[in-house]
Protein chains: 2
Amino acid sequence: MKKSLADRIEQYLKVLISRSDDKSIEIQRIELAETFDCVPSQVTYVISTRFTEKEGYITESRRGGCGYVRIRQSSPQLADSALEYIDLFAFIDELKLRQLLNHREAEMIKYLAVNICADLPREYRAKINADMVKALYNYLQM
Amino acid sequence: MKKSLADRIEQYLKVLISRSDDKSIEIQRIELAETFDCVPSQVTYVISTRFTEKEGYITESRRGGCGYVRIRQSSPQLADSALEYIDLFAFIDELKLRQLLNHREAEMIKYLAVNICADLPREYRAKINADMVKALYNYLQM
DNA sequence: CCTCTTTTGACTTTATTTGACCTTTAGTAT
DNA sequence: ATACTAAAGGTCAAATAAAGTCAAAAGAGG
């Protein structure tokens, strides 16, 4: 699959973030544009479509001399206590969005969940939903 | 009985899927249409009539630049009764040996299994063990 | 001839790329 | 302090690149 320029920039930034100590990076828009040989607004486009709050990122910037764009991966707002009431599938989708699970992992876990619950008494299904959410939450150290 | 264009495209895609590592392919609608010298919507037609969820396929797509259509074969429902008695952890290790699961996946599934079973009545634990073995067996299309 | 499937193409929606123009900030000269 | 200037980043809309939709036309089989 050929990657679009936007995809490549996204990937590059995500690698930088993942390697950073504090899940936060500071870049210069122009510099990055030069690295990828594109117009600066391409960078703005990538940030505004792929590093949204919904996907768990917070951005700040400053114009003018010594300007910058900072992207920070926000820690999830999910409190441990609220986890019980979250739908497992929605939770998995959210984890995928945040790239804590890849596509295959997400699908596999969903598949396992469905099959485990398939003919289990109703009262245990909710429990398994909750336990899986909690287990994922813990395993991924969120 | 002469094969229709739709039939030929279907066959072509199924060969590609069967040859793929992960039973999943990514194509460009336009490109495929060019290959078969037809309109792009013909491809959409084939996918929507022959690669339905009911027939065990899941599709995703993206429009715009570098768009694609991904078709994934979801696993068939084989129920092998002998699987019931296999220990889940041993089974996972075996899958890892055969490189059907990577380390992270194996560990994550074990972690989930332990946490799901943690305080479930004894009689359901064996069932979950068996269901997970079966689900993995099916999911990985062994 | 009638029905169901296939083929086609016009139109719609979504995603990406590019560039012209706007705003903010820091530094410098007066 | 004030005004000017250069150096950022922001906005927005046009151009381009895909895929989706839908219905009409064409074809196949009974």
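Naming: A, B, ... by sequence-line order, numbering from 1 per chain. The structure presented is a predicted model; accordingly, all values stated were derived computationally and were not measured.
By the 4.0 Å N-to-carboxylate-O rule, B:Asp93 lies close enough to B:Lys110 to be salt-bridged with it. With respect to the salt-bridge test (charged N to carboxylate O, under 4.0 angstrom), the residues B:Arg72 and A:Glu107 qualify. Ion pairing between a basic and an acidic side chain is recognised when a charged N comes within 4.0 Å of a carboxylate O; B:Arg104 and A:Glu105 show such pairing.
For the pair B:Lys134 and B:Tyr139, the cation does not sit on the ring face, since its NZ or CZ is not both under 6.0 Å from the ring centre and inside 45° of the axis. A cation-pi arrangement, defined by a distance under 6.0 Å to the six-membered ring centre and an angle within 45 degrees of its axis, is present between B:Lys14 and B:Phe51.
Nucleic acid contact for B:Ser61: sugar-phosphate only, since backbone atoms but no base atoms lie under 4.0 Å from a heavy atom of the residue. Counting non-hydrogen atoms under 4.0 angstrom, B:Gly67 reaches the backbone sugars and phosphates but no base.
If you measure from atom CD of A:Glu26 to atom P of D:dG9, you get 10 Å, rounded to the nearest angstrom. Atom-to-atom, CZ of B:Arg63 to C1' of D:dT16 comes out at 16 Å; the value is rounded to the nearest Å. For the pair B:Ile30 CD1 and D:dT16 C1', the computed distance is 11 Å after rounding to whole Å. Per the geometry, CD belonging to B:Gln42 stands 14 Å off P belonging to D:dG27, to the nearest Å. Rounded to whole Å, atom P of D:dG10 lies 11 Å from atom OH of A:Tyr68.
The residue among B:Arg62 and B:Ala6 whose nearest nucleotide of DNA chain C lies closer to the 5′ end is B:Ala6. Looking at which nucleotide of DNA chain C each of A:Asp37 and A:Gly64 is closest to, the 5′-most match is held by A:Asp37.
Listed by residue number, the members of residues 44-51 of chain A with any heavy atom below 4.0 angstrom from DNA chain C are A:Tyr45, A:Arg50.
Using a distance-only test at 3.5 Å, with no hydrogens or angles considered, no donor-acceptor pair links the side chain of B:Thr52 to the main chain of B:Ser48. A donor-acceptor contact shorter than 3.5 Å is absent between the side chain of A:Asn115 and the backbone of B:Ala135.
Within 6.0 Å of CD in B:Glu55 there are more than 12 heavy atoms belonging to other residues, nucleotides or ligands.
Nucleotides of DNA chain C lying under 4.0 Å from heavy atoms of chain B occupy a range whose first and last members, 5' to 3', are C:dT5 to C:dT16.
Counting only residues at least two apart or on different chains, the ring pair (Phe, Tyr, Trp, His ring centres under 6.0 Å) pairs with a member in residues 22-42 of chain A are A:Tyr12-A:Phe36.
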